[in-house]
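Working notes, beginning with the structure itself.
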Amino acid sequence: MVAFGKYLQRKQIEEWRGYYINYKLMKKKVKQYAEQIRGGSQHPRHVLKDFSRMLDTQIEKTVLFMLEQQGLLAGRLATLRETHDAILAQPDISKIVTLRESYRDVGKDLLQLLVFVELNAIGLRKILKKFDKRFGYRFADYYVKTRANHPYSQLQQVFKHVGVGAVVGAISRNLHELQEHEGSFYSIYDQPVLPLQDPVVEAIKTAVDKLTNSTSFLNFLAQHALIMQDDLQTPSEDTIDERTYHFNSLLLNLGNTFLYMVNTYIIVPTADDYSMSLGAAATVCGVVIGSMAVAQVFSSVYFSAWSNRSYFKPLVFSSIALFIGNLMYALAYDANSITLLLLGRLCCGLGSARAVNRRYISDCVPLRIRMQASAGFVSASALGMACGPALAGLLQIKFKIYNLTFNQSTLPGWVMAVAWLFYLVWLCISFKEPLRDTEEQEEQEGSNRNETTSMTDREDNGRVVEEGLRKPLLITSGLKLEDEDDCDESEESAEDSRRAANSFGDAYRLLTPSVKVQLLIYFMLKYAMEILLSESSVVTSYYFGWTTSSVAIFLACLGLTVLPINILVGSYISNMFEDRQILLASEIIVFIGILFSFNLFVPYTVPQYVISGLVMFVAAEVLEGVNLSLLSRVMSSRLSKGTYNGGLLSTEAGTLARVVADVTITLGGYLGRNHLLNATLLPSLVICIGSIVATCCTYNSLY
């Protein structure tokens, strides 16, 4: 591996040498800070402030030079435009050819400027990573968060690169005008779909597209999915072959996610009536709803392990299990068996393939579109959560065919059984099992990568633009460059740091205190949401006399808030506040929502229940997104692979919370329906207070 300091020195353009970030100086400064902190002569907060100021100065130097070079390119384009206008008045083929070459020269210089930006970005990523590694802080997240979206930040210029877009537009338009189209000159704006043939323009366009990888909203949704990725993996190292990627298979994967969420929530409005029709108490609905989550605790593990070998077979098994489970759920009414009802829901839980859904996106979708696929996973889940209760509200009919009863209680089972049957047929016809790379293929790919190191400097610079600019600007560097003082690390320890966790115990030992607190927060919010959703039919029918349709509308409205809230947080709120600030504020609002949901001194009213429930649910949704966003950044890279990965841990934490919540509802039913609300809200309040205290204790370690 090449030391980055030497690589940067070798790739620098001689005339621009004074305008690159001084990586060597900053690295020495990091060592100096470490010695000062060990000696007690410098407070960590002073170190953070001083290092932030140094980074600001280095970035300002680089950005101002970049703007100066853009100005020079703009001046050259203005001069060429005058020549261009003169040639248009009196066309001359030889002059047109010369002018084209002049425009191409400007384009090549712009490519060199993009390489300049990329090298500085790599250096900045490396030094931020080194600082975090040396001091154990999450300083990189804090620095980028506070600078990237501030109106006066120089880093903003790099992210937006408005000047680059203007230069690219001028070069593209003028080169297009010089192309002959049946003897006339067409404007690029008149034919926007016409492909640009000039290779320089295409190279610049590709570089700029890769520099602008994605929007903040897609980033937020992708992190919300908690689809773990190795923090050292980048697009240039993406081992997924674009030619083997199968879009229909991805759609089927997302379809499984959507149908499972519909299946989870479609029974919530009618579970109490179904339980009572079978001779059980209304509060047994907690067990009916929660039995699916109980089975999911175990199914998540074997599905995660199964996905190491196949994706198609687990999805087939999932579809069959859910088809059989829904069939048993629907037949329980005519069999007058609460046992058959519970077994049906357990069977549905055994078909939970969410671990496979996450794993497929992580392992089989190219990095170029993985963020969109992750956002699709969250969107499919949210849409399923809203459609489930809404569909239950539409199934308010009753009829019999032979000895089979179809009513509001059984129709959810029949409808979902048919849906899973159709899905199974579509799956068998359209799904394509991804190819598994062999060790020999990986060795061949490694040898091919080694051969590319013999390219010329111009080709190497082009490769940096082609492969390096596609990733977000301030994430872990994709180039295999090592700092000089890191080169002496043994290969054995490096291999151990990449080894996947082999058990829950192994995975637990990889969790830092702050990560454990975030998993506690995730448990709390899932518990509170499950209490609200699962007992809604019992509580509203007791206090307000709501019908199944009214409960379904209420739950559907709650589900429909998920995506708008994610848009608001991902596009706006997260740009104005730090994640840890949003995290703590959301916990406090959840606490307020739970507190105002209690029935204490005054008659319980619909506005109190709806408003407090909405406040709590929306705050929990914000909290979930921010919490998983933080988790996706701070979890160990060893939890990005293998059976016991970060996605499995979060799934188990959330599923366990749902199980405990549903058991709480059933146990609270023994106190009577008049005490059910307060009895179930009290544990939510206690857990929420505990998570707030834990967050305050670890607040300074969250960035």
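Computation of the quantities below employed the complete heavy-atom set of this structure, encompassing side-chain atoms and omitting hydrogens, waters and symmetry-equivalent molecules. We number each residue from 1, following the sequence as shown. What you see is a predicted model; the values in this text were computed from it and never measured.
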Minimal non-hydrogen separation, [X] against [Y], with atom names:
{"X": "Tyr311", "Y": "Cys364", "result": "CE1-SG, 3.4 Å"}
{"X": "Asn357", "Y": "Thr257", "result": "OD1-OG1, 3.1 Å"}
{"X": "Val356", "Y": "Asn253", "result": "O-OD1, 4.0 Å"}
{"X": "Gly123", "Y": "Ile21", "result": "C-CD1, 3.5 Å"}
{"X": "Phe51", "Y": "Val30", "result": "CE1-CG2, 4.0 Å"}

So, taking the atom named [atom1] in [X] and the one named [atom2] in [Y], what distance separates them when rounded to the nearest 0.5 Å?
{"X": "Lys27", "Y": "Lys130", "atom1": "NZ", "atom2": "NZ", "result": "6.0 Å"}
{"X": "Ile59", "Y": "Leu64", "atom1": "CD1", "atom2": "CG", "result": "11.5 Å"}
{"X": "Phe131", "Y": "Ser52", "atom1": "CZ", "atom2": "OG", "result": "7.5 Å"}
{"X": "Leu111", "Y": "Arg104", "atom1": "CG", "atom2": "CZ", "result": "13.5 Å"}
{"X": "Ile565", "Y": "Glu621", "atom1": "CD1", "atom2": "CD", "result": "8.0 Å"}
{"X": "Leu99", "Y": "Glu101", "atom1": "CG", "atom2": "CD", "result": "10.0 Å"}

Please assess Tyr360 against Leu315 for the test side-chain contact (heavy atoms from CB on, under 4.5 Å), listing each intermediate value before the final yes or no.
-> CA-CA 11 Å; Tyr360 182 88; Leu315 290 177; over 6 Å; no
Do [X] and [Y] touch side chain to side chain, with heavy atoms closer than 4.5 Å?
{"X": "Leu251", "Y": "Phe431", "value": "no"}
{"X": "Lys28", "Y": "Lys24", "value": "yes"}
{"X": "Ser379", "Y": "Phe258", "value": "no"}
{"X": "Arg100", "Y": "Ile96", "value": "yes"}
{"X": "His84", "Y": "Tyr103", "value": "yes"}
{"X": "Leu250", "Y": "Ile361", "value": "yes"}
{"X": "Phe116", "Y": "Ile13", "value": "no"}

Is Ser249 reaching over with its side chain to a backbone N or O of Lys432, donor-acceptor style, under 3.5 angstrom?
-> yes
Salt-bridge criterion met for Asp56 and Arg53 (N-O under 4.0 Å) = no
Leu119 and Tyr20: CA distance, side-chain angles, deciding distance, side-chain contact (heavy atoms from CB on, under 4.5 Å) verdict | CA-CA 8 Å; Leu119 287 173; Tyr20 290 87; 4.2 Å; yes
Residues that [X] engages under side-chain hydrogen bond (donor to acceptor under 3.5 Å, both in side chains), provided they are two or more places apart:
{"X": "Asn248", "answer": "none"}
{"X": "Arg76", "answer": "Asp109"}
{"X": "Gln58", "answer": "Lys61"}

Any luck finding a side-chain donor-acceptor pair between Tyr19 and Asn120 under 3.5 Å?
-> no
When you check the side-chain N and O atoms of Glu433 and Ser310, is any donor under 3.5 Å from an acceptor?
-> yes
Met66 and Gln70: CA distance, side-chain angles, deciding distance, side-chain contact (heavy atoms from CB on, under 4.5 Å) verdict | CA-CA 6 Å; Met66 181 185 73; Gln70 289 177 5; 3.7 Å; yes
For Ile127 and Leu55, what are the C-alpha separation, side-chain angles and deciding distance, and is it a side-chain contact (heavy atoms from CB on, under 4.5 Å)?
-> CA-CA 10 Å; Ile127 201 65; Leu55 286 174; 4.0 Å; yes
Geometric class of the Trp16/Phe65 ring pair [parallel <30°, tilted 30-60°, perpendicular >60°] = perpendicular
